[in-house]
Protein chains: 2
Amino acid sequence: MAIISFKLNNNLFLRDPQGTELGQRIIEESIHMIDELGFEQFTFKKLADKIESTEASVYRYFENKHRLLIYLIDWYWTWLDYKMDFAVQNLTNPIDQLKASLKVLIEEKQYDPNFAFVYEPSLQRIVISEFDKTYLTKQVDADNREGLFLPYKSICKKIASIVKQVNPNYPYPHSIVSTALLTVNHQLYYAKHLPSLSDIKYQPEKHYTDLYTFCESFILNAIEK
Amino acid sequence: MAIISFKLNNNLFLRDPQGTELGQRIIEESIHMIDELGFEQFTFKKLADKIESTEASVYRYFENKHRLLIYLIDWYWTWLDYKMDFAVQNLTNPIDQLKASLKVLIEEKQYDPNFAFVYEPSLQRIVISEFDKTYLTKQVDADNREGLFLPYKSICKKIASIVKQVNPNYPYPHSIVSTALLTVNHQLYYAKHLPSLSDIKYQPEKHYTDLYTFCESFILNAIEK
DNA sequence: AATATACAATAGTAACGCTATCATAAACGT
DNA sequence: ACGTTTATGATAGCGTTACTATTGTATATT
């Protein structure tokens, strides 16, 4: 099994957490804690106690918990980007490429042993519940200028370019893709917590396939020539 | 001009803010402050200083700032619900009803003198930036049980029932509507802050009509018989 | 005239977000 | 082998946030 790691934007951290043992424990344990407590209740103090370190040490890696959250979520989108490249390779038909990308987006994420200290099932739940909070802030423009949202924008661009191949005349390729990216996560959340907002039922296997069917149909119908 | 006011869920507040002068100042000024500072930077202390009252007095109206945010946003959806009833009345064709509802959702909100202490343009910006934060929390199930999200769910249900009239066989009426509700606000935000995620350009007049065209087309294509 | 009520004033507390300083142990360069 | 950098731990501290409690007072209500 190849040893790989993603190079994330340097602005996200003060010291690269992938390079040290403490950094790796910060990543690993923060994923568990944010998943469990939610981002609002999560603090560096609680994290430091859990990993038996100190608040000050955690602050040497990340400026604040908001940057740590963006770091984790950027990791997730970078990982999906990489999975999409795999899924799409050798497919020549853009419709097939679109379907394969959508599948990667929607499928339930399993632990990937390539990345020892990242537990992807927890991270997927974090992305569903917390991703919007990374950019719905007053610092969005400053953060964006620093390139903190590049991995997400890159996925959007990649799928939008497939959409353009399917129908070069469709005027809203980025909007339809960002709509799909949004709703993929929100429909899963609604299914679980606000079921009257969705027709996807929260059933272990079925809700991923239902969600896929829903998304595929509205995207393909939207962009059809 | 008729004097009307909306009856909101009693669980949202400890003392009804619509009934007293201080309560009304809390509503009016919190809308301005959240719009300006963003929800994270907004505190009851800052609000109290601005309205020349005390933190303790604000706490007599709202348990915490999260409830106050939900109150404001519930007010907004209740207001839209009421505007939609007006827009849809006398329209018999469900497609026309759908278009009229969508138009109410998307159009730029103007100050409505029926509600003296609510400045709707600010409130619309708050809904765009902060709405998702009302339910993306660990207390979502408890809040939902208290009925805090009813106004939004009611709008979704209303539009979904129009969708069902357009095509009774479409299997995802609630999901397509909640997708549209979501993306309406997010595309406006992207246009302004993350333009590469959208094809809607941030231009004073045009972006509302562009957004309308985008939404109408993907909804109608999704549900066509 | 007695009594609720609405609110201001004040105080206080635990937790949060963050910074600073100093000691120590391991790792690294020469 | 020795001096130095680097990473971390230990501890302290500060201003703010989120919230609760108590008391005094003016205004309405009965």
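Computed from a prediction, not measured in an experiment: that's the story for all the values here. A note on names: the letters A, B, ... follow the listed sequences, proteins ahead of strands, and every chain is numbered from 1. The figures here come from the full heavy-atom set of this structure, side chains too, leaving out hydrogens, waters and symmetry mates.
Between Phe44(B) atom CZ and dC19(D) atom P the separation is 8 Å, expressed in whole Å. When rounded to the nearest whole Å, the span between CG of Leu14(A) and P of dC18(C) equals 11 Å. Taking atom CD of Glu55(B) as the reference point, atom C1' of dT17(D) lies 8 Å away to the nearest angstrom. We find that CZ of Arg67(A) is positioned 16 Å from P of dG17(C), with the value rounded to whole Å. Regarding Leu47(A), its CG atom lies at a distance of 15 Å from the C1' atom of dC18(C), rounded to whole Å.
Closest to the Arg15(B) side chain, of the nucleotides dT17(D), dA6(C), dA8(C), is dA6(C). In the set dT17(D), dG17(C), dA10(D), the nucleotide with an atom closest to the side chain of Thr54(A) is dA10(D). Here the side chain of Asn64(A) is nearest to one of dA10(D), dA6(C), dC18(C), namely dC18(C). In the set dA8(C), dA10(D), dT8(D), the nucleotide with an atom closest to the side chain of Arg25(B) is dA8(C). Of the candidate nucleotides dA8(C), dT19(C), dC16(C), dA8(C) has the atom nearest to the side chain of Arg60(B).
Mapping Ile51(B) and Phe42(A) onto DNA chain C by nearest heavy atom places Ile51(B) closer to the 5' end of the strand. Each of Gly23(A) and Ala56(A) was matched to the nucleotide of DNA chain D holding its nearest heavy atom; the match closer to the 5' end belongs to Gly23(A).
At least one test fails for Lys65(A) against the ring of Phe42(A): distance under 6.0 Å to the centre or angle within 45° of the axis. Remark: Arg15(A) is positioned above the aromatic ring of Tyr61(A), its terminal NZ or CZ atom under 6.0 angstrom from the ring centre and at most 45 degrees off the axis.
Using a 4.0 Å cut-off, no side-chain N or O of Tyr61(A) falls inside it from OP1 or OP2 of dA7(D). Neither OP1 nor OP2 of dC18(C) sits under 4.0 Å from any side-chain N or O of Lys45(A). Ser53(A) has a side-chain polar atom (N or O) that falls below the 4.0 Å cut-off from OP1 or OP2 of dG9(D). Between Thr20(A) and dT8(D) there is a side-chain polar atom (N or O) within less than 4.0 angstrom of OP1 or OP2. One finds no side-chain N or O of Lys65(A) lying less than 4.0 angstrom from the OP1 or OP2 phosphate oxygen of dC16(C).
In the model, Tyr76(B) has no side-chain atom that pairs as donor or acceptor with a side-chain atom of Tyr152(B) under 3.5 Å. There is no side-chain donor-acceptor pair under 3.5 Å between Glu40(A) and Thr137(B). Between the side chains of His207(B) and Tyr212(B), no donor-acceptor pair is found at a separation under 3.5 Å.
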